[in-house]
Amino acid sequence: MTGRTALYVFGAGGHGRVVAEAAQATRHVHGFLDDDPNKIGKYVRGVRVFGGISQLSQAVSQNAINLVITAIPSATGSTIRRWRWPGWS
């Protein structure tokens, strides 16, 4: 992983899989975050689904994540702005 950006993909559905596959060429996809309890703990394209948005701050700080890509087409701008982690203003 040296020199590669570590990231989470928020959304482990179809769009998330496409984003993760494209990102893996140049980045380390550490995991997915998804609010669907049926997906948590499972693997998507070999990458674990850790938890939902409530886990974001903890997951980012514990794993030196410096990028989160939202792959949820239905997420509104106001919803995305409510998601915060340490370092965001």
Side-chain angles (χ1 to χ4, degrees):
M1 184 176 85
T2 304
R4 292 172 54 185
T5 301
L7 67 92
Y8 276 118
V9 176
F10 187 61
H15 287 90
R17 286 189 286 267
V18 170
V19 167
E21 185 176 337
Q24 285 177 327
T26 59
R27 293 170 164 74
H28 170 68
V29 179
H30 186 79
F32 287 95
L33 296 171
D34 198 296
D35 284 329
D36 182 346
N38 294 315
K39 293 179 183 175
I40 295 171
K42 296 193 174 151
Y43 288 80
V44 176
R45 295 205 181 272
V47 179
R48 186 167 179 223
V49 180
F50 284 95
I53 194 64
S54 64
Q55 305 277 318
L56 179 62
S57 181
Q58 178 183 359
V60 166
S61 62
Q62 287 181 348
N63 296 294
I65 302 300
N66 47 19
L67 180 63
V68 176
I69 298 174
T70 302
I72 304 172
S74 62
T76 64
S78 62
T79 298
I80 293 169
R81 283 188 291 278
R82 285 195 310 264
W83 302 337
R84 299 280 189 238
W85 79 62
W88 279 15
S89 56

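Position 1 is the first residue of the sequence, and the numbers go up from there.
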Search all heavy atoms of [X] against all heavy atoms of [Y] and return the closest pair with its distance.
X	Y	result
R45	Q24	O-NE2, 4.4 Å
F32	A12	CD2-CA, 3.7 Å
A75	T70	CB-CG2, 4.5 Å
V9	A71	CG1-CB, 3.9 Å
L33	A59	CD2-CB, 4.5 Å
V29	A23	CG2-CB, 4.0 Å

Between the side chain of D34 and the main-chain N/O of K39, is any donor-acceptor distance below 3.5 Å?
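Not at all, since once roles are kept as given, no pair shorter than 3.5 Å links the two residues.
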
Please test V49 against V44 for side chain to side chain contact (heavy atoms under 4.5 Å, CB included), starting from the C-alpha separation and ending with a verdict.
CA-CA 7 Å; V49 180; V44 176; 3.8 Å; yes

Output, in order, the C-alpha distance, side-chain angles, deciding distance and verdict of side chain to side chain contact (heavy atoms under 4.5 Å, CB included) for N66 and L7.
CA-CA 6 Å; N66 47 19; L7 67 92; 5.7 Å; no

What pairs with R48 under salt bridge (charged side-chain N to carboxylate O under 4.0 Å, His left out), at least two apart in sequence or on another chain?
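R48: no salt bridge (charged side-chain N to carboxylate O under 4.0 Å, His left out) contacts found.
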
Going from CD1 on I65 to CG on L56, what distance comes out if it is rounded to the nearest 0.5 angstrom?
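Output value for this atom pair is 10.0 Å.
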
Rounded distance (nearest 0.5 Å) linking atom CD1 of I69 with atom NE2 of H15:
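Answer for the CD1-NE2 pair, I69 versus H15, is 13.5 Å.
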
Scan for ring pair (Phe, Tyr, Trp, His ring centres under 6.0 Å) pairs involving residues 34-66, sequence neighbours excluded, and state none if there are none.
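For residues 34-66: Y8-F50, H30-F50.
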
